[in-house]
Amino acid sequence: QVQLVESGGGLVQPGGSLRLSCAASGSIFSINYMGWYRQVPGKQRELVARISSDKSTNYADSVKGRFTISRDNAKNTVYLQMNSLKPEDTAVYYCNADQIWVTALQLVRDNWGKGTQVTVSS
């Protein structure tokens, strides 16, 4: 019913920048929360940043001041601008949408994209 597709990942050098995009498609009236999580092998998936429909944001301490999350509600798209990238930012980045109104009466939670690889290396 709802699909999330990430794009924008790739290989960058330390100190470089990338912008990730995630577009939600399907029968969607509104999405309360959209966010980005990341995961490396052997570790738990962790929150990177989240943004609400009213543009309130939350960031992991490790990315504050370097990453900026934004969204276009009309396009059901969330972005993550990543600057000053560090090797420790290397991970698979997953788009998340939570509290999705697919009808006026139907709310679904925790839809995930397939992920996009971000590698920061010289």
Side-chain angles (χ1 to χ4, degrees):
Q1 56 181 353
V2 178
Q3 293 181 328
L4 304 177
V5 180
E6 302 101 333
S7 63
L11 174 65
V12 296
Q13 295 183 352
S17 298
L18 283 175
R19 191 175 83 142
L20 305 183
S21 299
C22 172
S25 62
S27 180
I28 301 171
F29 288 167
S30 65
I31 304 173
N32 285 358
Y33 298 97
M34 300 188 77
W36 292 93
Y37 293 70
R38 65 187 181 188
Q39 188 170 27
V40 299
K43 294 186 177 181
Q44 187 176 358
R45 188 173 300 183
E46 65 177 2
L47 173 69
V48 177
R50 192 174 74 159
I51 185 167
S52 66
S53 60
D54 66 0
K55 309 298 179 68
S56 178
T57 59
N58 292 292
Y59 294 93
D61 288 342
S62 60
V63 307
K64 287 181 179 178
R66 299 188 297 121
F67 292 8
T68 302
I69 190 169
S70 61
R71 65 187 287 173
D72 184 334
N73 290 339
K75 297 180 179 180
N76 287 320
T77 300
V78 63
Y79 307 93
L80 185 68
Q81 179 66 46
M82 304 184 293
N83 298 327
S84 301
L85 283 162
K86 304 174 181 179
E88 51 263 44
D89 294 318
T90 296
V92 177
Y93 284 70
Y94 295 91
C95 179
N96 171 260
D98 195 19
Q99 298 188 12
I100 306 167
W101 288 98
V102 296
T103 71
L105 298 174
Q106 181 68 46
L107 182 70
V108 299
R109 298 193 64 187
D110 288 328
N111 285 69
W112 295 90
K114 294 181 179 180
T116 184
Q117 177 70 47
V118 172
T119 302
V120 185
S121 176
S122 59

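Note that the structure is a prediction, hence the values are computed from the model and not measured. Position 1 is the first residue of the sequence; numbering continues from there.
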Requested in this report: I would like to know whether Q117 and T90 meet side-chain contact (heavy atoms from CB on, under 4.5 Å); could you show each step before the answer?
Outcome: CA-CA 8 Å; Q117 177 70 47; T90 296; 3.9 Å; yes
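Remark: R45 is not positioned above the aromatic ring of Y37, lacking an NZ or CZ atom under 6.0 angstrom from the ring centre and at most 45 degrees off the axis.
For the pair K55 and N73, the minimum side-chain heavy-atom distance is below 4.5 Å. Under the 4.5 Å side-chain criterion, counting only non-hydrogen atoms from C-beta, L11 is in contact with S121. Contact check for V78 versus C95: side-chain heavy atoms found under the 4.5 Å cut-off.
For L18 against L85, the heavy-atom pair with the smallest separation is N-CD1, 3.9 Å. Summarising the geometry of L80 relative to A49, their closest heavy-atom pair is CD1-CB, 4.2 Å, with the distance given to 0.1 Å. Closest heavy-atom contact between S21 and Y79: OG-CD2, 3.3 Å. Listed here is the closest heavy atom pair of V40 and A91: CG1-CB, 3.6 Å. Counting all heavy atoms, side chain and backbone alike, Y93 lies closest to M82 at CE2-SD, 3.9 Å. Considering every non-hydrogen atom in both L4 and A24, the closest pair reads CD2-CB, 3.3 Å.
Donor-acceptor pairing under 3.5 Å is recorded for the side chains of S52 and D54.
In this structure, E46 pairs ionically with R38, as a charged nitrogen and a carboxylate oxygen lie closer than 4.0 Å. The pair K86-D89 fails the salt-bridge criterion, with no side-chain N (NZ, NE, NH1 or NH2) lying under 4.0 Å from an Asp/Glu carboxylate O.
Residue-environment remark: CD (Q44) stays at or below the threshold of 12 foreign heavy atoms within 6.0 Å.
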